[in-house]
Asks: 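Before anything else, here's the structure in question.
Residue numbering restarts at 1 for every chain, and letters A, B, ... go by the order of the sequence lines.
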2 protein chains.
Amino acid sequence: MKNKFMKIYENISKQILDGRLIAGDMLPSENELAESHSASRETIRKALKMLSEDGYIHKVQGKGSIVLEMKRLDFPVSGLVSFKELTQKMGERAKTYVETFEKINPSPALQEALKQTEDELVWKVIRVREIDGERIILDKDFLAEKYVPLLTIDICRKSIYEYLEEDLGLSIGFAKKEITIEEPTKEDRKLLDLEGFHSIVVVKSHVYLDNASLFQFTESRHRPDKFRFVDFARRK
Amino acid sequence: MKNKFMKIYENISKQILDGRLIAGDMLPSENELAESHSASRETIRKALKMLSEDGYIHKVQGKGSIVLEMKRLDFPVSGLVSFKELTQKMGERAKTYVETFEKINPSPALQEALKQTEDELVWKVIRVREIDGERIILDKDFLAEKYVPLLTIDICRKSIYEYLEEDLGLSIGFAKKEITIEEPTKEDRKLLDLEGFHSIVVVKSHVYLDNASLFQFTESRHRPDKFRFVDFARRK
DNA sequence: TTGACTAACTTGTATATACAAGTTAGTCTA
DNA sequence: TAGACTAACTTGTATATACAAGTTAGTCAA
């Protein structure tokens with residue numbers, strides 16, 4: 001909330017989310033917005049570019065910016081959000097159970113996934129996510145000990161990301177994710193409520209710190225009926 | 001290829017794709033790039049911002065831009081690409097069969113999805129995509145007749161998008177997609193090779209023209225073993 | 001009426017400048 | 001030696017200006 005263009009972005013996005021601006025409306029021109037926000041046109045353009053990237057508006061050269069329909073997403077896996085952040089929006093309906101918590105010598109496959117050497121250790125955390133009484137998601141996290149020297153089972157019960165960012169001062173930069181569909185394993189069947197389901201959605205993520213060093217590999221396994229991924233894509 | 005920052009983007013992205021720049025390398029500073037490309041720093045920054053958004057590089061304030069690992073994606077559904085564009089990269093291994101081709105009075109649900117009035121007609125096209133002899137994908141397209149007055153079965157066999165963009169001069173702007181997992185329908189089982197599979201990946205898309213008018217609704221149904229979605233996400 | 005043209009808007013691109021903020025390496029001091 | 005400091009880099013933000021390119025509405029002439 002410190003940058004000028006971020007404030008403008010938030011100002012306009014809020015107007016769209018709460019209905020003061022509705023789909024089909026045209027925004028004021030960039031020059032008018034610059035005037036009314038006491039900013040230069042380039043600063044307005046930065047804010048509008050972000051709004052456009054996030055699917056709030058669409059810009060047409062020579063015409064202006066048109067407001068798009070923004071559906072509120074119930075349960076998105078898009079972007080880079082932690083389960084804790086999701087559950088905060090869901091109130092007290094979500095619980096986390098820590099099934100496994102240990103420091104291990106990584107297998108060759110895991111060494112490869114985390115780009116580690118043989119002697120570097122890895123935290124292994126397996127957690128079950130329960131929503132409305134149903135065990136829906138199985139999260140398997142592997143964190144490089146060299147970036148996270150200390151971890152406790154209590155932190156895992158709450159939020160690892162919160163601990164990393166607020167206590168350790170690590171700042172997460174970006175992630176590469178891959179979504180595939182697999183057959184449920186015995187472990188999936190044991191830990192999740194999968195009666196009547198024949199497949200499981202697997203989201204594998206490589207998570208990097210802000211300085212571009214790989215520090216975490218995560219496999220998140222979702223029951224298919226509760227999985228929904230929403231994407232906004234621009235042509236070229 | 002006309003914009004200066006696009007040329008710079010392509011120049012650098014090619015260097016990353018063909019290995020002249022490899023993961024971990026630092027790019028020259030923005031001032032050096034401005035000098036060597038005879039451009040202003042702001043123009044360089046536009047190109048670097050695009051590279052960063054597309055996952056080629058990561059920028060760190062005070063340090064510079066670091067090259068990331070770019071895996072070549074075999075079969076991505078990310079972004080906004082047509083099946084034709086995908087198959088061009090796959091050579092002659094892909095075929096398309098048109099199962100249904102008709103102009104219909106849309107059902108209420110379809111009217112809603114396409115935001116049409118009662119008297120407006122809709123093209124309905126159902127196509128099966130075969131890859132390496134296996135029928136993998138079922139594409140159900142619904143196009144508003146008001147934007148696409150003429151369509152032929154021959155166009156559907158080739159590429160609808162190519163026809164829209166090159167012959168009709170329509171320019172596709174953006175799309176909203178939703179990925180879910182469902183049980184296969186009888187139609188899925190009849191038209192696709194689904195022996196031994198118990199679920200199907202459904203990608204529903206609302207496609208908009210460049211002037212932000214909704215003109216197409218598509219449901220693309222994928223056999224789960226051949227589905228893979230790759231995503232690059234930045235924090236905040 | 002029709003069509004060509006134009007004027008006045010809109011957004012897109014490119015440049016220059018200034019300063020803020022983060023990183024790094026070396027230097028100086030206690 | 002250890003720590004504080006600084007200078008010289010890096011990227012981030014904000015502004016101003018100029019012109020290109022697309023859209024729209026109105027005017028004027030055939």
Asks: Reading DNA chain C in the 5' to 3' direction, which nucleotide is the first one with an atom under 4.0 Å from a heavy atom of chain B, and which is the last?
Replies: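 Listing 5' to 3', DNA chain C meets chain B from dT13(C) to dT24(C).
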Asks: Indicate the atoms forming the closest heavy-atom contact of Leu68(A) with Ile16(A), along with that distance.
Replies: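 Minimum heavy-atom separation between Leu68(A) and Ile16(A): O-CG2, 4.3 Å.
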Asks: Quick check on Glu112(B): does its CD atom have over 12 non-hydrogen neighbours (other residues, nucleotides or ligands) under 6.0 Å away?
Replies: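 Open.
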Asks: Identify which one of Arg129(A), Lys124(A), Arg127(A) satisfies the salt bridge (charged side-chain N to carboxylate O under 4.0 Å, His left out) criterion when paired with Asp139(A).
Replies: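 It is Arg129(A); the other options fail the test.
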Asks: Determine whether the aromatic ring centres of residues His58(A) and Tyr208(B) are separated by less than 6.0 angstrom.
Replies: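 Distance test on ring centres: not under 6.0 Å, no.
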Asks: Could I get the full list of side-chain contact (heavy atoms from CB on, under 4.5 Å) partners for Ser40(A), not counting sequence neighbours?
Replies: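 So Ser40(A) forms a side-chain contact (heavy atoms from CB on, under 4.5 Å) with Glu42(A), Thr43(A).
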Asks: Looking only at heavy atoms, what is the nearest atom pair of Ser65(B) and Leu48(B), with distance?
Replies: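 Looks like OG-CD1, 4.0 Å.
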Asks: Contact list please: residues 57-65 of chain A against DNA chain C, heavy atoms, distance less than 4.0 Å, in numerical order.
Replies: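 Here the set is Lys59(A), Val60(A), Gln61(A), Gly62(A), Lys63(A), Gly64(A).
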Asks: Under 3.5 Å for both donor-acceptor distances, Watson-Crick or wobble: does dG22(D) have a partner, and if so which one?
Replies: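 dC9(C) - that is the nucleotide pairing with dG22(D), both distances being under 3.5 Å.
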Asks: With side-chain hydrogen bond (donor to acceptor under 3.5 Å, both in side chains) as the test, would you mind laying out the steps for Asp154(B) and Thr152(B) before giving the verdict?
Replies: CA-CA 5 Å; Asp154(B) 211 53; Thr152(B) 69; 5.6 Å; no
Asks: For Phe5(A) and Ala47(A), work out which heavy atoms get closest and say how close.
Replies: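 Closest pair (atom of Phe5(A), atom of Ala47(A), distance): O-CB, 3.5 Å.
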Asks: Closest nucleotide of DNA chain D for Pro28(B) versus for Lys4(A): which of these residues is on the 5' side?
Replies: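 The 5'-side residue here is Pro28(B).
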